[in-house]
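Right, one structure below, let's go through it.
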Amino acid sequence: MSEKQPETPRAFEIPREFEVDASPEQVWDAVTNHTGGWLWPMEYEPKQGGAGPFNSVLTVWEPPQRLTVSSEDPASLPPFQTSNQLDYTIEARDGGTRSWVRYVHSGIFVDNWDEYYDGADKHTDFYLHTLRQYVTFFPGRPAAFATLNGPGESANKDALAAVGRALNLPDDATEGARVRVQGPQGRTLDTVLDYRNDWFIGLRTDSALYRIFGRGRWGAPVGISVHDFAPDADAAHNEAEWSDWLTAVFA
């Protein structure tokens with residue numbers, strides 16, 4: 001039997017456009033300064049040609065309208081990529097009280113193109129939704145950011161449903177519903193179900209965003225990220241208790 005031949009590297013592009021009830025300055029702050037509030041903490045050297053995360057370069061820096069971040073260093077990228085670029089265009093709407101945003105993620109995948117594109121495409125929608133949640137409900141606020149993965153047993157397509165049951169999340173609850181869920185230590189959380197599909201669950205409280213990633217479709221375990229905006233938020237504590245909770249779900 002012949003071995004599988006490696007695929008030819010192929011370019012990809014994932015474009016999105018949306019409007020949001022936030023000023024261009026608030027959106028710019030979220031994507032350049034308070035990234036821990038909706039994605040994960042990253043630092044940018046605030047100038048054209050400045051340094052960005054993953055050994056990237058800010059090829060366009062025009063606050064608060066344009067940002068382009070490019071990385072051509074395969075050693076700093078995931079093993080399935082050789083280049084990566086993020087591009088934001090932000091325009092004012094309604095006298096600057098709203099913003100129109102165009103986002104384009106592009107680059108080159110070197111193998112398993114369909115799988116990696118599918119994963120990036122679906123994660124893009126969830127991340128940008130969380131960006132909108134942040135600038136709408138927590139604009140400019142710093143977050144204690146925690147992220148964790150479940151055990152290997154959670155790397156299956158039914159894992160997200162198991163997490164939903166452990167939360168006591170009603171099967172018929174739809175986006176926008178107010179739901180009381182059971183979190184770590186049996187604690188009840190009063191939340192809004194702000195996102196739900198076959199791959200992701202988003203929960204919002206008055207002081208935090210909880211993001212749950214059902215990555216079994218892509219052969220990876222369940223992940224949870226907590227963006228905690230409370231004044232006394234403790235990222236290490238959040239990581240530990242949600243990790244213990246998730247481990248127990250799949251014990």
Side-chain angles (χ1 to χ4, degrees), residues 4-18 20 27-91 99-132 134-135 145 147 149 155 195 197-200 202 211 213-221 223 225 227:
K4 179 184 176 181
Q5 297 299 309
E7 297 178 16
T8 301
R10 292 167 56 192
F12 70 91
E13 183 176 277
I14 302 172
R16 295 290 189 271
E17 295 181 10
F18 60 88
V20 63
V27 176
W28 180 266
D29 174 76
V31 301
T32 62
N33 187 31
H34 286 110
T35 57
W38 62 279
L39 191 58
W40 53 75
M42 294 186 289
E43 293 186 1
Y44 294 94
E45 187 181 5
K47 63 179 183 178
Q48 187 154 330
F54 306 108
N55 203 23
S56 60
V57 177
L58 280 59
T59 56
V60 179
W61 178 269
E62 300 173 1
Q65 286 89 27
R66 284 292 311 280
L67 172 68
T68 305
V69 186
S70 299
S71 178
E72 303 295 334
D73 179 17
S76 301
L77 294 169
F80 51 83
Q81 272 188 273
T82 56
S83 71
N84 194 70
Q85 179 170 285
L86 304 177
D87 182 83
Y88 295 85
T89 301
I90 307 167
E91 295 181 0
S99 297
W100 171 85
V101 181
R102 177 172 169 81
Y103 167 90
V104 182
H105 180 196
S106 59
I108 295 174
F109 290 141
V110 298
D111 203 3
N112 296 326
W113 194 94
D114 290 337
E115 177 180 345
Y116 289 125
Y117 181 86
D118 180 62
D121 183 63
K122 290 180 170 57
H123 278 74
T124 292
D125 289 330
F126 193 33
Y127 288 139
L128 293 180
H129 169 81
T130 304
L131 168 62
R132 293 192 292 275
Y134 174 72
V135 297
F145 173 77
T147 190
N149 289 321
Y195 198 90
N197 60 20
D198 291 339
W199 309 286
F200 310 110
R211 312 289 94 179
F213 302 83
R215 294 180 171 128
R217 175 188 180 97
W218 304 287
S225 292
H227 310 268

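Looking at heavy atoms from C-beta onward, Asp121 lies in side-chain contact with Arg16 at the 4.5 angstrom threshold. Side-chain atoms of Asp114 and Arg10, non-hydrogen and from C-beta on, do get closer than 4.5 Å to each other. At least one side-chain heavy atom of Ser225 sits less than 4.5 Å from a side-chain heavy atom of Phe213. Contact annotation: the side chain of Ile108 approaches that of Pro9 to within less than 4.5 Å [non-hydrogen atoms, C-beta and beyond]. Thr8 places none of its side-chain heavy atoms less than 4.5 Å from the side chain of Trp113. Residues Phe200 and Arg211 form no side-chain contact, since every pair of their non-hydrogen atoms from C-beta on lies 4.5 Å or further apart. Between Val101 and Arg132 there is no side-chain heavy-atom pair separated by less than 4.5 Å. Under the 4.5 Å side-chain criterion, counting only non-hydrogen atoms from C-beta, Phe12 is in contact with His105.
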Show your working on side-chain contact (heavy atoms from CB on, under 4.5 Å) between Asn33 and Tyr44 and close with a plain yes or no. CA-CA 8 Å; Asn33 187 31; Tyr44 294 94; over 6 Å; no
Working note: Phe145 + Leu39, criterion side-chain contact (heavy atoms from CB on, under 4.5 Å); need CA distance, chi angles, decisive distance, verdict. CA-CA 9 Å; Phe145 173 77; Leu39 191 58; over 6 Å; no
Run the side-chain contact (heavy atoms from CB on, under 4.5 Å) test on Phe54 and Asn84 for me, step by step, so that the C-alpha distance in whole Å, both residues' side-chain angles and the decisive distance to 0.1 Å come before the verdict. CA-CA 10 Å; Phe54 306 108; Asn84 194 70; over 6 Å; no
Output, in order, the C-alpha distance, side-chain angles, deciding distance and verdict of side-chain contact (heavy atoms from CB on, under 4.5 Å) for Asn197 and Lys122. CA-CA 10 Å; Asn197 60 20; Lys122 290 180 170 57; over 6 Å; no
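To the nearest 0.5 Å, atom CD of residue Glu62 and atom OH of residue Tyr88 are 16.0 Å apart. Separating the NE2 atom in His34 from the NE2 atom in His227 is a distance of 13.5 Å, to the nearest 0.5 Å. Atoms CZ and OG1, from Phe109 and Thr82 in turn, are 10.0 Å apart once rounded to the nearest 0.5 Å. Separation of atoms CD1 (Ile90) and CD (Gln65) is listed at 8.0 Å; rounding is to 0.5 Å. Atom CH2 of residue Trp199 and atom CG of residue Asp118 lie 7.5 Å apart, to the nearest 0.5 angstrom.
Residues Gly223 and Arg215 come closest through the heavy atom pair CA-NH1, 4.2 Å. Ser83 and Glu72 make their closest contact through CB-OE1, 3.0 Å (heavy atoms, listed as atom of the first residue, atom of the second, distance). Taking all atoms of both residues into account, the shortest heavy-atom contact from Pro53 to Met42 is CG-SD, 3.5 Å. Minimum interatomic distance between Gln85 and Ser70 (heavy atoms only, all atoms of both residues): OE1-OG, 2.7 Å. Taking every heavy atom of both residues into account, Pro221 and Asn149 meet most closely at CG-CB, 4.2 Å. In this structure, Ala30 and Leu131 approach most closely via the heavy-atom pair CB-CD1, 3.6 Å.
Ion pairing between Arg217 and Asp198 fails under the 4.0 Å rule for side-chain N and carboxylate O.
For the pair Thr35 (side chain) and Trp40 (backbone), a donor-acceptor distance under 3.5 Å is present.
The aromatic rings of Phe80 and Tyr116 sit parallel, their planes meeting at an angle under 30°, below the 60° perpendicular limit. Below 30°, between 30° and 60°, or above 60°: for Trp28 and Trp61 the angle between ring planes is above 60°, a perpendicular geometry. Ring planes of Tyr127 and His123: tilted class, angle from 30 to 60°.
Ring centroids of Phe126 and Tyr195 are separated by less than 6.0 Å, placing the two rings close together. A ring-centre distance under 6.0 Å is not found for Phe18 and His129.
Counting heavy atoms of neighbouring residues, nucleotides and ligands inside a 6.0 Å radius, atom CD of Glu17 exceeds 12 of them.
A side chain to side chain contact (heavy atoms under 4.5 Å, CB included) with Thr32 holds for exactly one of Val27, Leu58, Leu67; it is Leu67.
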